[in-house]
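The next block holds one structure in the form of structure tokens; read it before the comments.
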Number of protein chains: 2
Amino acid sequence: MKITIGDVAKEANVSKTTVSRIVNGNYAHTTEETKKKVLKTIKNLDYRPNALAKGLKSTTTNVLGIVLSNLKNPFWTTVLEGVEDTCRELGYNLMICNSNEELEIEAEYIREFRTRRVDGIVINPTVQNYDLYNNLIEENYPLVIVNRRIPSLEANYVVMDNVKGAYTGVEHLLNTGRKKIAVFVYQNSYVSNWQERVEGYRLALLRNGYSTSDFRILELEQRSERIKDCILDYLKNNPDIQAVFSTNNMITLEVLGAVNEMGLTIPDDLAIVSYDETLWAKYFNPPLTTIRQPGYKMGQLAVEGLIKSINEEKKLDPSTIVLEPELIIRESSDKLQQ
Amino acid sequence: MKITIGDVAKEANVSKTTVSRIVNGNYAHTTEETKKKVLKTIKNLDYRPNALAKGLKSTTTNVLGIVLSNLKNPFWTTVLEGVEDTCRELGYNLMICNSNEELEIEAEYIREFRTRRVDGIVINPTVQNYDLYNNLIEENYPLVIVNRRIPSLEANYVVMDNVKGAYTGVEHLLNTGRKKIAVFVYQNSYVSNWQERVEGYRLALLRNGYSTSDFRILELEQRSERIKDCILDYLKNNPDIQAVFSTNNMITLEVLGAVNEMGLTIPDDLAIVSYDETLWAKYFNPPLTTIRQPGYKMGQLAVEGLIKSINEEKKLDPSTIVLEPELIIRESSDKLQQ
DNA sequence: TTGAAAGCGCTAACAA
DNA sequence: TTGTTAGCGCTTTCAA
């Protein structure tokens with residue numbers, strides 16, 4: 001039924017070795033004539049090499065695995081695009097899975113990737129499976145961790161400068177005349193990003209003459225259905241707030257919902273700066289000021305680094321790449337009119 | 001270095017056969033004692049079966065491939081979620097790639113999937129590689145086509161009822177008092193969906209007492225940077241238009257941009273109904289009336305059908321599943337005030 | 001209940 | 001330049 005390398009060899013009257021060489025573009029040991037002959041029979045028989053057999057023999061599959069934690073957030077779609085494009089360019093295929101922030105699923109998928117002998121793994125970790133990540137690194141399994149840092153784990157990272165992003169956003173709000181600024185953030189002690197963004201907020205206030213008593217921090221429960229209600233309560237109880245710095249694009253949507261419901265005007269009643277540039281941000285009325293993260297670039301660099309460490313003979317020193325976010329100023333944070 | 005089934009066998013003083021049976025949960029031929037012994041050594045040695053070797057032998061990989069055409073559109077993220085979850089539930093892993101609507105890339109990826117012996121393929125086709133799809137079907141390669149129909153190709157489809165979705169949306173606009181309704185659509189003669197949505201628009205007008213002379217159809221170039229300009233021109237040249245039926249969520253965003261720029265008020269100056277419910281639709285001001293497509297369900301049914309046809313001995317008759325869209329009414333199409 | 005042995009399709013060291 | 005041969009790690013038939 002299936003055409004194998006043996007069928008081609010027989011048909012072309014050469015050995016399997018010769019066919020193998022030609023299939024793999026290794027023409028150095030072959031006359032032009034046999035090359036042509038073999039190429040022709042390959043075409044005639046519509047021969048397709050079996051990647052499983054090849055992988056079994058060569059212990060390399062040219063497949064990479066990626067573990068994401070949330071498919072809904074469009075930021076990850078951008079990262080995935082970068083990953084996918086780069087894989088294609090460099091001749092790799094991609095296995096994808098979604099841990100949905102659950103430890104067990106993450107562990108199961110990593111195990112699965114190893115069983116399938118993927119050449120390397122890109123992961124946005126739940127952060128909580130420390131032994132799992134550590135194990136991978138100890139066994140020298142090619143791995144790049146993206147977006148989140150894992151405390152005290154030496155590894156290859158591609159992450160964003162979250163402190164700087166938040167700092168820039170909050171300072172912009174101060175510069176446009178806001179004095180009472182709140183930050184909205186998910187509570188999750190494992191994810192460094194969110195703490196870093198709050199840290200950026202704190203720093204911006206402190207370095208601009210404010211004190212810790214000016215901090216206004218609202219922590220929200222990520223999985224909750226009641227996020228908008230929490231935001232409504234908060235805004236009603238703190239009518240002096242002039243601006244919200246939102247650390248996540250899903251939170252931003254809920255803020256906008258709450259603002260609509262309260263009949264507030266943006267930016268006069270409340271200015272908004274939001275993390276993550278999205279497809280829709282510039283189409284809102286008024287358009288949203290956002291902090292754009294280079295997600296595509298993150299995906300690209302992760303794959304490039306991964307493939308580099310796959311190809312390297314000896315273990316490389318772990319490296320951390322930090323990417324810079326960029327503030328995109330739009331009308332949701334226009335200068336305050338006095 | 002790597003632990004193989006042989007290492008386990010040696011360590012446990014049994015044959016490879018016995019280990020193989022136990023690894024695969026086949027305990028029928030084994031005493032409780034050897035089972036325990038083997039299970040223990042597997043754990044001790046941290047043995048991981050090699051999926052490549054297994055696949056080579058059993059000619060089945062438990063991997064599915066999916067070819068998407070556009071990662072940016074959040075509709076596809078939803079579909080992907082359905083696909084991913086269902087794969088996980090049914091014990092399959094997923095390879096993903098993005099054709100980006102390009103024929104050559106689509107063909108290359110399909111070839112790659114076959115080389116890797118994925119057990120089946122889910123595809124949102126560019127529609128233009130007819131021979132490629134036909135070839136797959138002739139060779140009885142498990143395949144499910146989602147979202148788009150390919151003319152005169154008998155295959156397994158999971159698609160949406162686009163005529164009905166558009167019909168419902170346009171009729172809703174008529175019912176709320178609009179008489180001059182335009183439809184905005186991408187021009188692409190290959191994609192049935194868009195033609196079907198225009199068809200739904202036409203039908204809704206005709207069945208409600210309008211004639212072909214009332215049709216207002218704006219075709220837009222998908223890859224163009226000038227979409228908003230085209231929309232602006234159109235709206236300025238046709239000031240009598242009371243409502244826009246947008247067949248795509250990206251077009252909708254451009255319409256909103258144009259509306260903001262012209263200073264029009266929604267829904268009084270212009271009502272909007274848009275294809276595809278999105279994360280952001282309900283947070284706009286005013287919230288958008290949309291047509292929700294069951295993308296998650298589409299992904300789920302595609303995978304379930306695919307696995308069914310993988311497991312079936314004899315070839316099943318091709319089946320087409322049509323999913324129903326749902327109109328979500330919000331303020332962007334509020335009743336017209338006279 | 002257990003195991004020996006053949007072979008899945010391919011690669012590569014070595015020989016010719 | 002070309003081919004022979006020995007596996008890669010696993011499953012499975014058949015025999016013990």
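Just so we're on the same page: letters track the sequence lines, and every chain starts at 1.
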query = What is the distance, rounded to the nearest whole Å, between atom CG of A:Asn50 and atom P of D:dG9?
reply = 16 Å
Pairing of B:Arg223 and B:Glu101 as salt bridge, 4.0 angstrom limit = no
inquiry  = Counting distance alone, no hydrogens or angles: does the base of C:dA12 have a donor or acceptor under 3.5 Å from a partner atom on the side chain of A:Ser20?
reply    = no
task = Would you mind reading off the distance between A:Lys2 atom NZ and C:dC10 atom P, rounded to a whole angstrom?
result = 11 Å
request  = Starting at atom CZ of B:Arg48, determine the distance to atom P of D:dG9, rounded to an integer number of angstrom.
outcome  = 15 Å
request  = Taking only the side-chain nitrogens and oxygens of B:Asn24, find out if one of them lies under 4.0 Å from OP1 or OP2 of D:dT11.
outcome  = yes
request  = Give a yes/no on whether any side-chain N or O of A:Thr18 is located under 4.0 angstrom from OP1 or OP2 of D:dG3.
outcome  = yes
request  = Write down the distance between CD1 (B:Ile22) and C1' (D:dC10), rounded to a whole number of angstrom.
outcome  = 15 Å
task = Please determine if A:Glu304 and A:Lys308 form a salt bridge, counting it only when a charged side-chain N lies under 4.0 Å from a carboxylate O.
result = no
task = Tell me yes or no: between the side chains of A:Tyr296 and A:Asp85, is some donor less than 3.5 Å from an acceptor?
result = yes
inquiry  = Quick check on D:dG3: is either OP1 or OP2 less than 4.0 Å from any side-chain nitrogen or oxygen of A:Ser15?
reply    = yes
task = For C:dT2, take OP1 and OP2 only and decide whether either is under 4.0 Å from a side-chain N or O of B:Tyr27.
result = no
query = Looking at D:dG9, C:dT11, D:dG3, which one has an atom nearest to any side-chain atom of A:Lys57?
reply = C:dT11
query = For B:His29 and C:dT2, what is the distance between atoms NE2 and C1' respectively, to the nearest whole Å?
reply = 10 Å
Atom pair distance, as rounded to whole Å: CG in B:Leu45 and P in D:dG9 = 14 Å
key: hbond_proxy A:Arg21 side chain to D:dG3 base (donor-acceptor, 3.5 Å cutoff)   = yes
ask   = Hey, which of these two, B:Thr30 or A:Tyr47, hits DNA chain C nearer its 5' end, going by closest nucleotide?
value = B:Thr30
ask   = So what does A:Val23 touch, heavy atoms closer than 4.0 Å: a base, only the sugar-phosphate, or nothing?
value = nothing
inquiry  = So for A:Thr17 and C:dA12, does any side-chain atom that can act as donor or acceptor lie under 3.5 Å from a complementary atom in the base?
reply    = yes
CA sep, side-chain torsions, deciding dist, call: A:Glu106, A:Arg111, salt bridge (charged side-chain N to carboxylate O under 4.0 Å, His left out) = CA-CA 9 Å; A:Glu106 179 179 53; A:Arg111 168 162 279 273; over 6 Å; no
ask   = Is any side-chain N or O of B:Ser58 closer than 4.0 Å to OP1 or OP2 of C:dC8?
value = no
ask   = Starting at CD1 of A:Ile5 and ending at P of D:dG7, how long is that distance when rounded to a whole Å?
value = 19 Å
request  = Mark yes or no for a side-chain to base donor-acceptor pair under 3.5 Å between B:Arg117 and C:dG9, with no hydrogen or angle criteria applied.
outcome  = no
query = Which nucleotide sits closest to the side chain of A:Leu56: C:dC10, D:dC8, C:dA5?
reply = D:dC8
task = Grab the NZ-C1' distance between A:Lys16 and D:dA6 for me, whole Å please.
result = 11 Å
ask   = Do the non-hydrogen side-chain atoms of A:Met95 and A:Phe113 ever get within less than 4.5 Å of each other?
value = yes
query = Is any side-chain N or O of B:Thr34 closer than 4.0 Å to OP1 or OP2 of C:dT2?
reply = yes
inquiry  = Under a 4.0 Å threshold between the charged nitrogen and the carboxylate oxygen, would B:Glu112 count as salt-bridged to A:Arg48?
reply    = no
